[in-house]
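Remarks on the structure that follows.
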Amino acid sequence: MPFFRNTDETKTIEIVHLSVRYHALEALRDINCIIKPGKLTGIFGPNGAGKSTLLKAMLGLVSCSGTVLYQGKPLMQQLDKVAYVPQRSQIDWTYPATVWDAVMMGRVRKTGWLRHFSAVSRQIAEAALQRVEMLEYRNRPIGQLSGGQQQRVFLARALAQEAEIFCFDEPLVGIDQKTQVVIFQVFNELAASGKIVLVVNHDLGKSISHFDELILLNRDLIAAGARQKVLTEENLSCAYGGNVMFWKEAV
Ligand SMILES: Nc1ncnc2c1ncn2[C@@H]1O[C@H](COP(=O)(O)OP(=O)(O)O)[C@@H](O)[C@H]1O
Ligand SMILES: [Mg+2]
């Protein structure tokens, strides 16, 4: 299906000289790249490449040197415009929240904890759950869902935030086929409406062909830009080591 993609160049994220150290370990070294709105951008690289660290550094969750700008101003001062879904393994699934609670948490920034959630917030949460086909599970504790269902609930929470920048860390891990279809439909809709959609992946499977832009990392930035430009044998072996299967159809 052809999409009209809004590419409002002023709404870019610029990452300038970003480095992160965890004590002696240099997790990211001098990363420089631009992330465009209206595109589906994948951050790829092997385990330990610094992909999660890049998202966390952008959002101020780990300390870093360098600058991250959105619309020319520090992103850190505009975190209300960001929806972030961490890796599923980092979420405490024993927390006694229902599907509905989890999605309504996405409305907290707009409404505040102490106020009653407005009818509008409830409608937005309901529409988000409907979009990911999880509305019928609204009263289920999140700990009782399958991996794919949990991922869809967290996608709904991100949608309920009505953000401009969406960051997902490894959303494709441990999910079923249906969830994968829904997730990419929603990512494409977000991109088509001019949002920034940033998705971390480690697996160089067929799903790479869904992405418009790639950021290829292995502590250093190996390459960034249009998928066709980044997906070269040389770039892939630089990021993943010598024995990478080159996926010609993905280009
Ligand atoms: N909080 C931390 N303290 C120390 N080292 C860390 C911490 N978080 C990540 N690391 C290390 O930094 C490197 C990059 O980690 P990460 O960003 O999680 O990689 P990726 O998401 O690409 O798998 C890894 O070697 C990891 O072990
Ligand atoms: Mg990670």
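Indexing begins at 1, ligand by ligand and atom by atom, following the structure's order.
Put simply, atom 27 (O) of ligand 1 has no protein non-hydrogen atoms near it, under 4.0 Å away.
Between the side chain of Gln78 and the backbone N or O of Lys73 there is at least one donor-acceptor pair closer than 3.5 Å. A side-chain donor-acceptor contact under 3.5 Å links Lys51 to the backbone of Gly45.
Taking the six-membered ring where the residue is Trp, Phe184 and Phe187 present perpendicular rings, their angle passing 60° and hence far from 30°.
Residue Ser52 counts as close to the Mg ion (ligand 2), with an N, O or S atom under 2.8 Å. Residue Thr53 does not count as close to the Mg ion (ligand 2), with no N, O or S atom under 2.8 Å.
With hydrogens left out, the protein atom closest to atom 16 (P) of ligand 1 is Thr53 OG1, 3.6 Å, a heavy atom. Atom 8 (N) of ligand 1 has its closest protein heavy atom at Tyr22 CZ, 3.4 Å. Considering only non-hydrogen protein atoms, atom 18 (O) of ligand 1 sits nearest to Ser52 CB, 3.8 Å.
Looking at Gly48, Ala49, Pro46 and measuring to atom 24 (C) of ligand 1, the nearest heavy atom belongs to Gly48.
Atoms CZ and CG, from Arg29 and Asn218 in turn, are 8.5 Å apart once rounded to the nearest 0.5 Å. A distance of 11.5 Å separates CD in Gln151 from CE in Met134, rounded to the nearest 0.5 Å.
Under the 3.5 Å distance criterion, with hydrogens and angles disregarded, a donor-acceptor pair is assigned to the side chains of Ser52 and Gln87.
Close contacts of ligand 1 with Asn47, meaning ligand atoms under 4.0 Å from a residue heavy atom, involve 23 (O).
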Would Val68 and Leu18 count as a side-chain contact (heavy atoms from CB on, under 4.5 Å) here? Give the steps. CA-CA 8 Å; Val68 181; Leu18 185 139; 3.4 Å; yes
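Only the side chain of Leu25 comes within 4.0 Å of ligand 1, counting heavy atoms alone; its backbone N, CA, C and O stay farther away.
In this structure, Gly50 is part of the shell of residues with a heavy atom less than 4.0 angstrom from ligand 1.
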